Number of protein chains: 2
Amino acid sequence: MTNRRFTSLENPTNKETYKIIKEGLRKRAMIIIFSCCRVHYYGRAKSRLGLGERLIIIKPDGSFLIHQDRKVEPVNWQPPGSKAKVKIEDGKILVESRRRKPAEKLTVEIERVHTLSYYLVRDIHELEVAGHEEDMCQLILESPNIIEKGFRPIAREYQTSNGFIDILGKDENGSLMVLELKSRRAGVSAVRQLKRYLEDFKNDKHGVRGVLVAPSITHDAKELLEAEGLEFKSLEPPQELKKDNKITLDDFISSR
Amino acid sequence: MTNRRFTSLENPTNKETYKIIKEGLRKRAMIIIFSCCRVHYYGRAKSRLGLGERLIIIKPDGSFLIHQDRKVEPVNWQPPGSKAKVKIEDGKILVESRRRKPAEKLTVEIERVHTLSYYLVRDIHELEVAGHEEDMCQLILESPNIIEKGFRPIAREYQTSNGFIDILGKDENGSLMVLELKSRRAGVSAVRQLKRYLEDFKNDKHGVRGVLVAPSITHDAKELLEAEGLEFKSLEPPQELKKDNKITLDDFISSR
DNA sequence: ATATCAATGTCGGAG
DNA sequence: CTCCGACGTTGATAT
């Protein structure tokens, strides 16, 4: 069946398959193929996938996905900007996708097509999402007292020799506080990260407090944290979708 | 059209859509819907996606994907093990997917279906892939001399207070060598990682060498590496697909 | 283009 | 089940 917005075929011949894929690529359509195929990849790694039925998706932006009947991740893929081509070789349909840098090539050897279609997609909306580390950061800058009474932020993304501190501030006694934020349960790696940031402040005369801020913490992480004399503050990332005007650090005096 | 392996419809009515999705879910088929829809998610985060045309995939293992016409990643999804349901509410098709722990819910409000199909998928093959850190490790254990003449591995995944060392060994003079492997271009974070592992060996009498093993290294990482007196050894991850019997460390004497 | 960091990361393996 | 680290991570942002 064919209309203005999409074209769809069942059990097409090789000739039809070739024609429709070619047409879909030329129109920069979203192409969907359900077929029995083999897949080969060579580039950053190398992979091979034997014969089986999979869903193939070629998007207008060059993204190329091959999905098996399990898992969220595609079994093979190419990123946006890749160039797809279709060929017939020895009476078999080959679909290839290449990327230049790094050089990568994905080849799908199609044995038999079950359904084939392409769509001229109308979709202008972007996802609006809340509940990230960034949202926690905003929340703390808006309401520093949720960390503790008297906490004052000084800097955000403060650079150290071991990376960027999420939030640097002072407690009510004037001691420096280094906050490391995680939007989900924090593990030992988060504690190690915090520990590294503190190395730059080892000689600070007023003393420095390291605080891991996350909704929860693993047992091992808690142990390491306490062994290192660091602190944990439980905080859930806020999940409000309305796009609020962001608070900048201009509101705070960067006085360190 | 309907046959034993798949069912496919174009521009179905709500009633047909409901029936086919229900049937596909019951048969644990892979369901593919191209439709104009809205999407809501609530769980580890919260998100909203306005009206637009997207590809919806429901897999037999419970994975649920919504793909826009761009990017490799789905715009919304649910992991394997989630439970999908279809409803009609106020004359509109709703498809929901829930997960228990953590509690997550994805809701798709379908405005209009363009194509709808489900497949009973036959696919037994797993991906065979080569070119990982693991393959480099195997290669080095098989042929230690590629690191340097006289290099002898002692332990793999050797535990320190700062995490696991990829390979620990000795050079021909008996000095300890700590190898940190990366299957791609190494950055400063890799150097910092190596640096941390060495802390446990600061007092070793024979001296310890830290070696970063990777196909290449970033400029900043090279500088930091040299400033710390560490070394770089260029090594490409092998990309051989044949499943070779793995070498275990039983072949080496753990004598440290 | 390169480097760095977060993610509803996902996934696999070990305890 | 939880915890931990790798990934052809991807995607976004700053340099």
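Every chain is numbered from 1 and lettered A, B, ... according to where its sequence line falls, protein lines coming before strand lines. Note that these values count all heavy atoms, side chains included, but never hydrogens, waters or copies made by symmetry. Please read all numbers here as calculations on a predicted model, not as lab measurements.
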Distance in angstrom units between A:Glu134 CD and D:dA12 C1', rounded: 12 Å
Distance test, side-chain N/O of A:Arg192 to OP1/OP2 of D:dG5, below 4.0 Å: yes
Salt-bridge criterion met for B:Glu134 and B:Arg156 (N-O under 4.0 Å): yes
Phosphate-side-chain proximity, A:Lys182 and C:dG9, N/O vs OP1/OP2 below 4.0 Å: no
A:Arg44 side-chain N/O to D:dT9 phosphate OP1/OP2 under 4.0 Å: yes
Whole-Å gap separating P (D:dT9) and CZ (A:Arg99): 10 Å
Rounded distance in Å - CG (B:Asn76) to P (C:dG9): 13 Å
Main-chain N/O of B:Pro79 paired with B:Ser82 side-chain donor or acceptor, under 3.5 Å: yes
Sugar-phosphate, base or nothing in reach of A:Gln159, heavy atoms under 4.0 Å: nothing
Sugar-phosphate, base or nothing in reach of B:Gln78, heavy atoms under 4.0 Å: nothing
Distance in angstrom units between A:Tyr197 OH and C:dC5 C1', rounded: 9 Å
Ionic contact status for B:Glu126 with A:Arg48, cut-off 4.0 Å: no
Short side-chain N/O contact from A:Trp77 to OP1 or OP2 of D:dT10, under 4.0 Å: yes
Between D:dT2 (C1') and A:His219 (NE2): distance, integer Å: 12 Å
Contact nearer the 5' end of DNA chain C, comparing B:Glu126 with A:Glu133: A:Glu133
Whole-Å distance separating the CD atom of A:Glu157 from the P atom of C:dT4: 14 Å
Sugar-phosphate only, base, or nothing, as touched by A:Gly163 at under 4.0 Å among non-hydrogen atoms: sugar-phosphate
Sugar-phosphate only, base, or nothing, as touched by A:Ser183 at under 4.0 Å among non-hydrogen atoms: sugar-phosphate
Sugar-phosphate only, base, or nothing, as touched by B:Phe164 at under 4.0 Å among non-hydrogen atoms: nothing
Distance-only donor-acceptor check, side chains B:Arg185 and B:Ser216, under 3.5 Å: yes
Sugar-phosphate only, base, or nothing, as touched by A:Pro74 at under 4.0 Å among non-hydrogen atoms: nothing
Residue pair B:Thr218 / B:Asp220, side-chain donor-acceptor N/O under 3.5 Å: no
Flag for A:Lys105-A:His40: side-chain donor and acceptor within less than 3.5 Å: no
Toward the 5' end of DNA chain D, by each residue's nearest nucleotide, A:Gly187 or B:Val72: A:Gly187
Residues B:Arg98, B:Glu104: salt bridge by 4.0 Å N-O rule: no
Trace of the salt bridge (charged side-chain N to carboxylate O under 4.0 Å, His left out) decision for B:Glu96 with B:Lys85: CA-CA 5 Å; B:Glu96 268 185 21; B:Lys85 252 189 217 170; 5.6 Å; no
N/O donor-acceptor pair under 3.5 Å between A:Glu53 side chain and B:Arg122 backbone: yes
Between the protein and nucleotides 13-15 of chain C, are there any N/O to N/O pairs under 3.5 Å, and if so, what are the atom names and distances?
none

Closest-nucleotide 5' rank along DNA chain C - winner of A:Val129 and A:Lys101: A:Lys101
Touch class at under 4.0 angstrom, heavy-atom based, for A:Pro237 against every strand present: nothing
Touch class at under 4.0 angstrom, heavy-atom based, for B:Glu104 against every strand present: base
Whole-Å distance separating the CD1 atom of A:Ile167 from the C1' atom of C:dA6: 15 Å
Phosphate contact (D:dC4 OP1 or OP2) by A:Thr218 side-chain N/O below 4.0 Å: yes
Shortest non-hydrogen contact between A:Glu180 and A:Gln193, atoms and distance: OE2-NE2, 3.4 Å
Any B:Arg185 side-chain nitrogen or oxygen under 4.0 Å from OP1 or OP2 of C:dT2: no
Between P of C:dC5 and CG of A:Leu181, the distance in whole Å: 14 Å
Pair B:Lys233-B:Glu231, salt bridge (charged side-chain N to carboxylate O under 4.0 Å, His left out): steps then yes or no: CA-CA 7 Å; B:Lys233 169 68 189 176; B:Glu231 303 166 53; over 6 Å; no
Sorted by number, the residues of residues 59-71 of chain B with heavy-atom contact under 4.0 Å to DNA chain C: none
B:Arg184 side-chain N/O to C:dA3 phosphate OP1/OP2 under 4.0 Å: no
